[in-house]
Amino acid sequence: MESIRELLLILLAVILLVQNLSNVEARYHHHKKQKNKGSTVPPPASPETPVSSSPSYSPSVPSDPYPNDPVNSTDCIFDVRDYGAVGDGSADDTAAFRAAWKAACAVEAGVVLAPSDYVFKITSTIFSGPCKPGLVFQLDGVLMPPDGPDTWPKADSRKQWLVFYKLDDMTFTGKGTIEGNGQPWWDLPCKPHRGPNGSTSSGPCDSPALIRFFMSSNLVVSGLTIQNSPQFHMKFDGCEGVMIDKLSISSPKLSPNTDGIHIENTKSVGIYNSMISNGKGGGKNDLISHGHGSILGLIIFNNARRIFYTGDDCISIGTGCSDVDIADVTCGPSHGISIGSLGAHYSQACVSNITVRNAIIRESDNGLRIKTWQGGTGCVSDLSFENIQMENVRNCINIDQYYCLSKECLNQTSAVFVTGITYRNIKGTYDVRTPPIHFACSDTVPCTKITMAEVELLPYEGQLLDDPFCWNAYGTQETLTIPPIDCLQEGEPQSEQEVSAYGC
């Protein structure tokens, strides 16, 4: 009986063991099915199964059938050759330039292109606006006017050649050259010749300014070479927001009235990174032959400053100008940097907030000059000349309120009021033929608030013949001036309240 009971227990244990193994296998297969169902490993991609793009790649624009092709930027470039320009230096390309300008003017960011390796000749032309914003005139070749007054069209103005009128947000740039063909104009018998046998004669003597910007705003002029203008190389009149950078301007030393840059009735101007010079003989090699290693380095290695050779003022600033910043400019040989002349024909002149800094003036008839006529009114105020290096310059620092082109000018009871002029860190050498500092202020309207600081000027060669000159000039010497300028009166004139009426 006992043995039967043991046999039943063994049989029951075997049955329970077999059932347990079956449940374990069922749980195992159930887990594998769940794993396959929730797997993160995707099946192989097929043409019918799209694969998601990586987040680092954005989808292409559906409307672009060729998303990898470069953008076609030529749609906004208007090559003057496509409008009939020949560019052989003799054909008249005026119509082609006008047509290309008209087309570019009508689109945003349009570019008028005058390509390199061509010489284009056009007659006097006004490129007028308004135009779409971002317009660029890119000159990479050579552009020039007719060769002198004999070939100048009678219907064209003799006062100007290229005029840019009523434009906003426009750039004039390129690697090219504007050749003014000025020699026949300089040789007119009515021009003031300075040779030993030079003479002048009466008669019409109009000569065109090469480039004029008129009633325009937000302008950029950069990179161009401009040479041999019949008269002023570049003028800005009635403009606001002008940036001039890295221009090369050249004309022979005795070319009359060929100012480099002239601004008048123009506000918010920047003139930067330029070398403005008058070549003795009119060639760029003359600059290098002086042996100024630092200047040579600027031209070849730095390329931050460009060359201006002009037969008159490097930069002249006329009435109606304010907020002008001039920096990293080298002038000379030339007539220096001039404010004026102002107040001619009893007119009112207003100039304010002019800064000239980090400049070099060399081999020049004048350095920093303010010139006004007797009888004018108005005010020149808040001028700062700082960090200026002089190299063999006559009249380094000059205020002349008796400016006159003849001996017939008489003293008047009114004059342009000159006040708030600062000369700081003006150093170098001067030509001993004239005193390096000359303050000739009006008898009735004294110059006031002249500040001299760290002014040290030594003779280029020889010895100073005359001391610095002052007349009716008031100001302060923050440091000892070399040479001493004992004639500058300290404080304010008693008549200052009266002259305040001359303010603009």
Side-chain angles (χ1 to χ4, degrees), residues 292 294 314 325-332 335-340 353-372 380-402 417-443 445-496 499:
H292 297 295
S294 60
C314 295
D325 186 34
I326 302 170
D328 299 306
V329 166
T330 301
C331 279
H335 295 181
I337 297 175
S338 292
I339 312 298
N353 196 21
I354 311 296
T355 300
V356 181
R357 53 195 171 88
N358 305 331
I360 299 172
I361 301 177
R362 63 185 187 85
E363 305 287 340
S364 296
D365 291 340
N366 295 282
L368 307 169
R369 178 167 60 159
I370 301 170
K371 50 185 179 179
T372 71
V380 175
S381 63
D382 300 322
L383 273 57
S384 175
F385 303 99
E386 185 172 2
N387 300 333
I388 312 295
Q389 180 70 27
M390 301 285 182
E391 298 179 8
N392 193 24
V393 176
R394 297 183 69 179
N395 305 310
C396 296
I397 296 174
N398 186 4
I399 298 177
D400 180 8
Q401 293 209 274
Y402 299 89
F417 179 32
V418 177
T419 184
I421 316 299
T422 298
Y423 303 95
R424 188 178 303 278
N425 195 26
I426 315 295
K427 298 181 179 181
T429 59
Y430 61 88
D431 186 323
V432 298
R433 289 177 292 174
T434 54
I437 302 172
H438 185 91
F439 293 144
C441 300
S442 168
D443 291 341
V445 187
C447 304
T448 66
K449 299 179 181 178
I450 297 173
T451 299
M452 307 288 285
E454 299 180 82
V455 176
E456 300 176 9
L457 299 169
L458 303 174
Y460 179 74
E461 57 184 8
Q463 295 181 347
L464 175 65
L465 300 179
D466 296 309
D467 293 331
F469 174 83
C470 307
W471 178 256
N472 214 13
Y474 292 79
T476 302
Q477 297 185 65
E478 293 183 357
T479 62
L480 179 64
T481 298
I482 302 175
I485 182 169
D486 299 330
C487 57
L488 182 65
Q489 302 181 64
E490 294 185 0
E492 302 288 345
Q494 294 180 353
S495 60
E496 185 183 13
V499 299

Student check: side-chain heavy atoms of Val418 and Leu383 closer than 4.5 Å: no
Between CG on residue Asn358 and CG on residue Asp328, distance to nearest 0.5 Å: 5.0 Å
Distance (rounded to the nearest 0.5 Å) between Glu386 CD and Glu454 CD: 9.0 Å
Chi angles and distances behind the side-chain contact (heavy atoms from CB on, under 4.5 Å) call for Arg357, Asp325: CA-CA 8 Å; Arg357 53 195 171 88; Asp325 186 34; 2.7 Å; yes
Inter-residue atom distance Leu368.CG - Ile426.CD1, 0.5 Å rounding: 6.0 Å
Met452 side chain near Ile437 side chain, heavy-atom distance below 4.5 Å: yes
Side chains of Thr448 and Thr419, donor plus acceptor under 3.5 Å: yes
Close side-chain approach of Glu391 and Ile360, heavy atoms under 4.5 Å: yes
Test: Cys470-Cys487 SG spacing under 2.5 Å: yes
Pairwise distance CG(Leu458) to OH(Tyr430) - rounded to 0.5 angstrom: 7.0 Å
Check: Asp466 side chain, Pro435 main-chain N or O, donor-acceptor pair, under 3.5 Å: no
Sidechain-backbone polar pair: Ser338 side chain, Arg369 backbone, donor-acceptor under 3.5 Å: no
Residue that, paired with Pro446, satisfies side chain to side chain contact (heavy atoms under 4.5 Å, CB included) out of Tyr474, Phe417, Phe439: Tyr474
Contact check, side chains of Met390 and Ile388, non-hydrogen atoms, under 4.5 Å: yes
Option from Ile326, Ile337, Val356, Asn366 for which side chain to side chain contact (heavy atoms under 4.5 Å, CB included) with Cys331 holds: Ile337
Any Asp400 side-chain heavy atom under 4.5 Å of Tyr402 side chain: yes
Distance (rounded to the nearest 0.5 Å) between Gln489 CD and Trp471 CH2: 9.0 Å
Side-chain H-bond candidate by donor/acceptor type, Asn387 with Asn425, under 3.5 Å: yes
Over 12 non-hydrogen atoms of neighbours within 6.0 angstrom of OH in Tyr460: no
Spacing of CD1 belonging to Ile370 relative to CD1 belonging to Ile399, to within rounding of 0.5 Å: 4.5 Å
